[in-house]
> 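Got a structure here, written out as structure tokens. Questions coming.
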Amino acid sequence: MSLSHLMAQRRAKIESWRAIGCEPYAYAYDVTHHADALLAKGDAVTSEFGEVVRIAGRLMTKRGHGKAGFGTLLDKTGRIQAYFKSDVLGEQFARFELLDVGDWVGIEGPLFRTRTGEITVRADAIMLLAKSIRPLPEKWHGLTDPEVRFRQRYADLFVNLDVRETFRRRARLVSGIRRFLDDRGYLEVETPVLQPVYGGAFARPFVTQHNALDLQFYLRISNELYLKRLIMGGLERVYEFSRDFRNEGMDRTHNPEFTLLEYYQAFADIHQMMDVTQALVCDALMAACGSLKVPYQGRTLDFTPPWKQVSMLDAVSEKVGESVHDLDEAKLLKHCAKHHLHPRQGTGAGGALDELFSALVQPELQDAAFVIDFPVATSPLARVSRTNPAVVERFELFAAGFELANAFSEQNDADAQRHAFEAQAAAREKGDEEAQVLDEDYLRALEYGMPPTGGVGIGIDRLVMLATDSRTIRDVVLFPAMRPEEGRPVDDEADVPEDAAEEGAPRV
RNA sequence: GACCCGUUAGCUCAGUCGGUAGAGCACCUGACUUUUAAUCAGGGUGUCGCUGGUUCGAUCCCAGCACGGGUCACCA
């Protein structure tokens with residue numbers, strides 16, 4: 001049976017419903033209960049017919065038995081069975097017979113327990129809420145093709161119920177973080193997505209055009225510089241869940257748009273921000289998963305505080321068998337060559353160290369760990385360490401071998417910041433497309449004075465990946481970036497009624 | 001961006017050493033008043049991703065393209 005034929009059969013039923021006096025697209029339905037609450041009644045539900053309820057959802061299965069039948073309704077909380085009996089429904093039994101799997105339906109009737117023990121609603125009245133004219137994926141194997149699952153997340157969400165749990169966890173994690181920060185006196189703010197100068201991270205931007213201003217804008221790669229402007233304005237503690245956009249490759253841990261939580265706290269350095277971050281992440285994981293021992297891809301990640309601190313210089317020194325604390329470029333490049341690593345041209349000792357760290361140390365950071373002692377060259381917005389002028393006051397949080405957070409004692413010396421920007425500009429001249437852009441307005445703000453400030457960015461999508469045992473970022477983003485289905489029509493021609501096609505009606 | 005793999009019925013998948021294809025579920029008809037992957041009897045599934053090439057003949061071989069997956073590169 002071709003798709004167009006299957007859809008024609010379903011469309012034909014629209015008229016059948018009208019023929020028995022039912023409008024197949026309702027305006028409202030007064031729902032009294034959801035599936036989970038009814039199932040939770042447990043032993044209170046017996047074979048005696050009890051409380052009369054009204055439930056609504058999508059019909060997911062249908063089993064006819066002549067003058068009776070069963071169906072499963074799926075609502076936002078889960079599935080519950082309904083029982084349809086000719087004696088009870090009278091002329092409305094015809095409605096049951098007309099129902100297709102996929103239809104939205106409202107059922108009213110008493111709760112009872114069937115002979116086989118399943119809590120069930122007996123249908124005394126059936127209301128069609130919306131006719132489904134497209135056949136559903138198969139009930140047993142469901143929808144497994146990742147392309148279709150992501151393109152048609154709507155179908156994924158009603159076929160693969162574990163997907164719903166992933167996004168519920170995501171919501172719990174985000175609201176847990178929001179509560180945590182609100183309780184500590186942080187102000188939630190919103191800053192521009194469209195920025196005339198982009199900054200705060202190393203990345204290539206998306207570019208867009210403002211017609212009225214005849215100006216080129218960039219979609220933000222970070223909101224860091226705006227949040228710090230608010231610190232300069234005296235707000236002291238601010239945060240934003242920022243949708244950021246980076247025009248880079250896509251893989252298991254990168255989507256071109258992603259959610260970065262950034263929070264800034266005046267009068268704090270990275271040591272205090274480590275404490276805040278540890279507490280925040282633990283709180284969020286408890287809210288999302290209820291545990292700090294998080295199962296992820298076959299192992300258990302331990303987030304129990306206090307988290308280990310790993311010095312980048314110590315860890316790399318240990319791996320290569322000699323001290324690299326002097327950040328001697330030739331020595332670092334020698335070790336890179338030994339391990340067949342190729343740091344990017346012109347990134348110097350810092351780039352070589354980073355390369356060694358990524359290859360040799362990072363994969364071992366499975367349990368939560370703070371990495372510290374980053375070289376100065378790669379951190380233009382951070383302050384130099386009080387104890388070692390070769391490194392900056394910065395930490396990154398790692399777990400499951402990937403970066404979850406990045407934090408600095410923020411640079412608040414306006415002249416030093418200008419010099420760091422100028423060094424970036426020089427790198428840019430040399431062809432480093434990701435070097436940061438000098439932001440004069442940001443420097444003006446800094447010149448008014450910024451209090452000592454600690455700032456942290458947490459990759460929310462990645463944290464959700466851990467909290468939901470998801471292998472790829474696409475599993476925790478509802479509509480991950482994909483190429484359009486070019487050249488492949490959404491429907492074949494036969495799916496569109498002739499009259500609609502002739503009138504040139506839009507097909508979506 | 002590079003390499004490898006995939007694309008067959010609405011869904012999940014088999015298959016054709018080159019002769020235009022099958023299964024299960026779904027769907028349709030009938031039977032069945034407590035089933036739950038309901039059961040029983042019967043029925044039709046399709047531009048084999050697209051475009052070319054080779055061939056008497058291509059879903060199968062070859063090339064290009066599209067989309068997806070994986071690995072790498074990029075990505076702090």
Side-chain angles (χ1 to χ4, degrees), chain A residues 1-10 12 47 60-72 79-89 93 96 100-102 112-118 120 122 132-152 155 159 200-204 221-222 246-256 258 312 342 344 347 350-351 353-355 357-358 362 371 374-375 377-381 394 396 398 402-403 405-406 433-436 457 459 471-472 474 480 482-489 491-492 495:
Chain A
M1 193 73 58
S2 70
L3 176 60
S4 54
H5 198 154
L6 290 167
M7 292 186 67
Q9 283 173 350
R10 283 168 169 254
S47 58
M60 297 304 288
T61 64
K62 186 184 171 190
R63 300 179 289 282
H65 295 265
K67 295 284 188 288
F70 291 88
T72 313
R79 297 163 174 266
I80 188 160
Q81 181 171 264
Y83 177 50
F84 304 86
K85 195 178 182 191
S86 173
D87 299 346
V88 173
L89 280 161
F93 193 70
F96 168 70
D100 283 322
V101 168
F112 76 109
R113 192 176 286 276
T114 64
R115 200 177 288 163
T116 52
E118 180 156 353
T120 301
R122 186 189 72 190
S132 164
I133 57 175
R134 180 176 289 270
L136 264 52
E138 194 235 3
K139 64 183 172 190
W140 191 241
H141 299 93
L143 198 58
T144 60
D145 181 341
E147 178 172 359
V148 182
R149 287 187 47 226
F150 300 144
R151 285 195 198 284
Q152 303 186 29
V159 172
F202 297 90
R204 278 181 286 175
I221 61 172
S222 160
R246 296 188 183 174
N247 210 337
E248 312 283 2
M250 297 159 59
D251 64 22
R252 206 163 81 70
T253 55
H254 296 82
N255 194 58
F258 64 103
M312 196 177 221
H342 308 284
R344 276 198 298 156
T347 54
L353 180 71
D354 184 53
E355 197 67 26
F357 175 79
S358 299
Q362 192 172 322
V371 174
F374 288 77
T378 54
S379 314
L381 298 164
R394 172 177 179 180
E396 286 191 350
F398 280 81
F402 53 76
E403 180 197 345
N406 182 22
E433 282 185 71
E434 277 147 11
Q436 300 194 18
R471 211 186 73 77
T472 89
R474 290 189 289 275
M482 298 192 100
R483 288 194 147 91
E485 298 172 86
E486 196 183 353
R488 281 188 295 161
D491 296 332
D492 27 302
D495 291 341

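Naming convention: chains lettered A, B, ... in sequence-line order (proteins, then strands); numbering from 1 in each chain.
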> From CZ of A:Arg252 over to P of B:C75, roughly how many Å is that when rounded to an integer?
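Distance, rounded to whole Å: 19 Å.
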> Verify the contact: side-chain N or O of A:Ser2 to OP1 or OP2 of B:A9, cut-off strictly under 4.0 Å; return yes or no.
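The answer is no; no side-chain N or O of A:Ser2 sits under 4.0 Å from OP1 or OP2.
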> With rounding to the closest Å, how many angstrom separate the P atoms on B:G53 and B:C17?
25 Å
> Could you tell me how far B:A23 sits from B:C60 if I compare only their P atoms? Round to whole Å.
22 Å
> Let me know, please, whether A:Ala68 or A:Gly249 comes out on the 5' side of the other along RNA chain B by nearest nucleotide.
A:Ala68
> Nearest of B:G10, B:C11, B:C32 to any side-chain atom of A:Leu143?
B:C11
> State whether the distance check finds a donor on one side and an acceptor on the other, under 3.5 Å, for side chain A:Ser86 versus base B:U33.
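When only heavy-atom distances are counted, A:Ser86 does not reach the base of B:U33 through any donor-acceptor pair under 3.5 Å.
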> Compare the minimum distances between each of B:C27, B:U33, B:C67 and the side chain of A:Gln9, then state the nucleotide with the smallest one.
B:C27
> Applying salt bridge (charged side-chain N to carboxylate O under 4.0 Å, His left out), name anything that partners A:Glu396, two or more places apart in sequence or on another chain.
A:Arg394
> So that I can compare with my own list, what are the stems of RNA chain B, taken as at least three consecutive Watson-Crick or G-U pairs with distances under 3.5 Å?
B:1-7 with B:66-72, B:10-13 with B:22-25, B:27-31 with B:39-43, B:49-53 with B:61-65
> Expressed as a whole number of angstroms, how long is the span from A:Gln152:CD to B:G68:P?
14 Å
> For A:Arg122 and B:U35, what is the distance between atoms CZ and P respectively, to the nearest whole Å?
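Taking atom P of B:U35 as the reference, CZ of A:Arg122 is at 17 Å.
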> Let's see if you can work this out: which of B:C75, B:G10, B:G69 has an atom nearest to the side-chain heavy atoms of A:Glu434?
B:C75
> To check you understand the geometry: which heavy-atom pair defines the closest contact between A:Met7 and A:Pro135, and what is its length?
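Between these two residues, the closest heavy atoms are CG-CD, 3.9 Å.
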> Quick one: do A:Gln436 and A:Leu381 satisfy side-chain contact (heavy atoms from CB on, under 4.5 Å)? Show the steps, please.
CA-CA 10 Å; A:Gln436 300 194 18; A:Leu381 298 164; 3.6 Å; yes
> Spell out, as yes or no, whether a donor-acceptor pair under 3.5 Å connects the side chain of A:Asp145 to the backbone of A:Glu147.
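Answer holds: yes.
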> Check salt bridge (charged side-chain N to carboxylate O under 4.0 Å, His left out) between A:Arg122 and all other residues, then give those that pass, not counting sequence neighbours.
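A:Arg122: salt bridge (charged side-chain N to carboxylate O under 4.0 Å, His left out) contacts with A:Asp124.
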> What is the distance from NZ of A:Lys62 to P of B:A37, rounded to the nearest Å?
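The answer, rounded to whole Å, is 18 Å.
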> How far, in whole Å, is B:G64 from B:G24 if one measures between their P atoms?
39 Å
> Closest heavy-atom contact between A:Val101 and A:Leu136?
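For A:Val101 versus A:Leu136, the nearest heavy atoms are CG1-CD2, 3.8 Å.
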> So, is A:Lys139 near the phosphate of B:A26, with a side-chain N or O under 4.0 Å from OP1 or OP2?
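Yes, A:Lys139 has a side-chain N/O under 4.0 Å of OP1/OP2 on B:A26.
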> Given B:G68, B:U12, B:G10, identify the nucleotide with an atom nearest to the side chain of A:Thr144.
B:U12
> Do the side chain of A:Glu118 and the base of B:U35 come within less than 3.5 angstrom through a donor-acceptor pair of N or O atoms?
no
> Using the P atom on both, measure B:A58 against B:C67 and round to a whole Å.
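27 Å, rounded to whole Å.
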> For atom P, what is the distance between B:A26 and B:A38, given to the nearest Å?
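Going atom to atom, P in each nucleotide, I get 7 Å.
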> Remember a base hit wins even if backbone is also touched, and classify A:Gly64 as base, sugar-phosphate or nothing at under 4.0 Å, heavy atoms.
base
> If you look at every strand shown and take non-hydrogen atoms under 4.0 Å, does A:Asp145 touch a base, only sugar-phosphate, or nothing?
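Answer is sugar-phosphate: A:Asp145 comes under 4.0 Å of backbone atoms only.
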> Provide the distance between the two C1' atoms, one in B:C48 and one in B:G22, to the nearest whole Å.
12 Å
> Would you say the side chain of A:Gln81 lies within less than 4.5 Å of the side chain of A:Thr61, judging by non-hydrogen atoms?
no
> Where does the angle between the aromatic ring planes of A:Tyr83 and A:Phe112 fall among parallel (under 30°), tilted (30 to 60°) and perpendicular (over 60°)?
tilted
> Rounded to the Å, how far apart are A:Lys85 NZ and B:U34 P?
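Answer to the nearest Å: 8 Å.
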> Looking only at N and O atoms, is any donor in the side chain of A:His254 or the base of B:C75 less than 3.5 Å from an acceptor on the other one?
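Between B:C75 and A:His254, which were checked side chain against base, a qualifying N/O pair under 3.5 Å is present.
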> Using atom P in both nucleotides, what's the gap between B:G49 and B:G44 to the nearest angstrom?
25 Å
> When the distance from CD of A:Gln81 to P of B:U35 is rounded to whole Å, what number comes out?
10 Å
> Please classify the nucleic acid contact of A:Phe112 as base, sugar-phosphate, or nothing, using heavy-atom distances under 4.0 Å.
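Base: the residue A:Phe112, judged by heavy atoms under 4.0 Å, touches a nucleobase.
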> Taking only N and O in the side chain of A:Arg483, is any of them less than 4.0 Å away from OP1 or OP2 of B:C67?
yes
> Write down the atom of A:His254, the atom of A:Gly249, and the distance for their closest heavy-atom approach.
CB-O, 3.8 Å
> Between A:Leu136 and A:Phe374, just flag the one whose closest nucleotide in RNA chain B comes earlier from the 5' side.
A:Leu136
> Strictly below 4.0 Å: does A:Arg63 bring a side-chain N or O up to OP1 or OP2 of B:A38?
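Yes, because at least one side-chain N or O of A:Arg63 sits under 4.0 Å from OP1 or OP2 of B:A38.
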> Could you tell me whether a side-chain N or O of A:Gln152 sits under 3.5 Å from a main-chain N or O of A:Ala155, the two making a donor and an acceptor?
no
> Check every strand shown and say whether A:Arg471 touches a base, only sugar-phosphate, or nothing at a heavy-atom separation below 4.0 Å.
sugar-phosphate
> If the C1' atom of B:U8 is compared with that of B:A21, how far apart are they to the nearest Å?
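Result for the C1' pair: 8 Å, nearest Å.
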> Describe the nucleic acid contact of A:Phe202 in one word from base, sugar-phosphate, nothing, applying a heavy-atom distance below 4.0 Å.
sugar-phosphate
> Any idea which of B:G69, B:U34, B:C11 is nearest the A:Thr114 side chain?
B:U34
> Strictly below 4.0 Å: does A:Arg474 bring a side-chain N or O up to OP1 or OP2 of B:G69?
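Answer is yes, contact under 4.0 Å.
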> Tell me whether A:Lys85 forms a cation-pi arrangement with A:Phe96, defined as NZ or CZ under 6.0 Å from the six-membered ring centre and within 45 degrees of its axis.
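No; the conditions do not both hold, so A:Lys85 does not lie above the ring face of A:Phe96.
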> Taking the minimum atom-to-atom distance to the side chain of A:Leu3, which one of B:U35, B:C74, B:G10 wins?
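The answer is B:G10.
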> Atom NE2 of A:His342 and atom C1' of B:C72: how far apart are they, to the nearest Å?
12 Å
> Take the protein atom CG of A:Asp87 and the nucleotide atom C1' of B:U34, then report the distance between them rounded to whole Å.
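Taking atom C1' of B:U34 as the reference, CG of A:Asp87 is at 13 Å.
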> Please determine whether a side-chain nitrogen or oxygen atom of A:Arg151 lies at a distance below 4.0 Å from atom OP1 or OP2 of B:C67.
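For A:Arg151, the contact criterion (side-chain N or O under 4.0 Å from OP1 or OP2 of B:C67) is not met.
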